[in-house]
Amino acid sequence: MPELPEVETIARHLKAQLVGQYIGQVEVRWPRCIATPTATQFAHEFVGREILDVGRRGKFVIVSLSESKFLLVHLRMTGRLILEDASHPGTSEEITLDPHTHVIFYFVSGKALCFRDTRKFGRLYLVNEPAEIVGDLGPEPLSDDLTPQALYELLRGHRKRLKPLLADQRLLAGLGNIYIDEALWEARIHPLRHAHTLSVEEAARLHTAIRTVLSRAIKNLGTTLRDYRTPLGELGEHQEALAVYGRQGEPCPRCGEPIRREVVGGRGTWYCPSCQRRNES
DNA sequence: AAGAGACCCTGGATGC
DNA sequence: TGCATCCAGGGTCTCT
């Protein structure tokens, strides 16, 4: 489940490997993963274009192409972007055999970029402006614009419980199930607290926690629980550093109390019942 | 506005 | 061992 740190890692790797590369052709094997335009049109549009830049917005990878087009990729649960060597036809198992490789970008250099996705939730978009897709995303959690005060103001305007609210990409862009639980634990705030009840001090703690947790995870190249890989096939390392996510019954690293799991808004939620008290101050 | 539930998918885990 | 069923989960949608 790639979230901000995983997508950031992927974008950085792709940027280092792909800027300046020219696309020879594109093969779409599973058309339904192309959100826009049609799969045929999508494949057509890439031929001859150069990769100018690769970046990230929220959980989207954004690839800037020559002649003003943008490829946006959302990996959802199990999506991967994997670099392969396709210079010798038939040598890459990923390309020839893998049943989960749905789109392949062949570069004239002999490199190839494969979009792979077992659960088929991921989507690719080819647009004239990224804003067509990412226009209504909230601020980037790591940007200077998101001050503690700004986060306090954002939260004050909502009565929802924190867990589902922080997962709403229109509030903040890039947080998902793992890092929300980790950040709330770090900030010692209960996931079911109602957003508008947070004090200035608590919002500031959450602000610090979100940024600390995300930065640390980026340093560790992301969290690999099962599917996530960097474009070079490497595993992330942050799973070792998780405090609560997926750890029900294990002792809280801060106080030793067993970690509890609850389903909130249909999503598994892990927290420490002792460090993260529910009473609203 | 908030919350619940369905849906999209498949592989791994669980149950008999 | 073998088969059926359950489950996870980001985002989007519908219904209450």
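Below, chains carry the letters A, B, ... as their sequence lines are ordered, and counting in each starts from 1. The model shown is predicted, which means the values in this text are computed figures rather than measured ones. Side chains are part of it too, since the values below use all heavy atoms of this structure and drop only hydrogens, waters and symmetry mates.
Distance CZ (Arg170(A)) to P (dA1(B)): 10 Å, rounded to an integer number of Å. Rounded to an integer number of Å, the gap from CZ of Arg123(A) to P of dC7(B) is 17 Å. Between the CG atom of Asp227(A) and the P atom of dG9(C) there is a distance of 12 Å, given to the nearest Å. One atom, CG of Leu171(A), and another, C1' of dA2(B), lie 15 Å apart when rounded to the nearest Å. Following rounding to the nearest Å, Asp117(A) (CG) and dG11(C) (P) show an atom-to-atom distance of 13 Å. One interatomic measurement links the two molecules: OH of Tyr125(A) to C1' of dG11(C), which rounds to 9 Å at whole-angstrom precision. Rounded to whole angstrom, the span from the CE atom of Met77(A) across to the P atom of dG11(C) amounts to 10 Å. Whole-Å rounding puts the Asn177(A) CG to dA8(C) P distance at 11 Å.
Here the side chains of Leu154(A) and Leu146(A) are in contact, with some heavy-atom distance below 4.5 Å. Inter-residue side-chain proximity for Leu124(A) and Val28(A) is flagged as unmet; no heavy-atom pair is nearer than 4.5 Å. A 4.5 Å side-chain heavy-atom check between Arg261(A) and Val263(A) finds at least one atom pair inside the cut-off. Using a 4.5 Å cut-off on side-chain heavy atoms (C-beta onward), Leu4(A) and Glu140(A) make contact. Contact check for Leu162(A) versus Leu155(A): side-chain heavy atoms found under the 4.5 Å cut-off.
The phosphate of dG9(C) has OP1 or OP2 within less than 4.0 Å of a side-chain N or O from Tyr245(A). At the phosphate of dA8(C), OP1 or OP2 sits under 4.0 Å from a side-chain N or O atom of Arg261(A).
Sorted by first and then second residue, the salt bridge (Lys or Arg N to Asp or Glu O under 4.0 Å) pairs with a member in residues 221-244 of chain A form an empty list; sequence neighbours excluded.
Residue Lys59(A) has its side chain nearest to dG11(C) when only dG3(B), dG9(C), dG11(C) are considered.
Among the protein residues, Gln169(A) comes within range of the sugar-phosphate backbone only, with heavy atoms under 4.0 Å from sugar or phosphate atoms but none that close to a base. Residue contacts shown for Gly268(A) are limited to sugar-phosphate atoms, with no base heavy atom under 4.0 Å away.
Near DNA chain B, defined here as any heavy-atom distance below 4.0 Å, the residues from residues 156-165 of chain A are His158(A), Arg159(A), Lys160(A), Arg161(A), listed numerically.
The backbone N or O of Tyr228(A) sits nowhere less than 3.5 Å from a side-chain atom of Glu6(A) that would complete a donor-acceptor pair.
Among Lys163(A), Glu262(A), Gln276(A), the one residue that satisfies the side-chain hydrogen bond (donor to acceptor under 3.5 Å, both in side chains) test with Tyr271(A) is Glu262(A).
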Per-nucleotide protein contact string for nucleotides 10-15 of chain B (B base, S sugar-phosphate only, - none; heavy atom under 4.0 Å): BSS---
Trace of the side chain to side chain donor-acceptor pair (under 3.5 Å) decision for Tyr179(A) with Thr223(A): CA-CA 10 Å; Tyr179(A) 298 109; Thr223(A) 300; 2.7 Å; yes
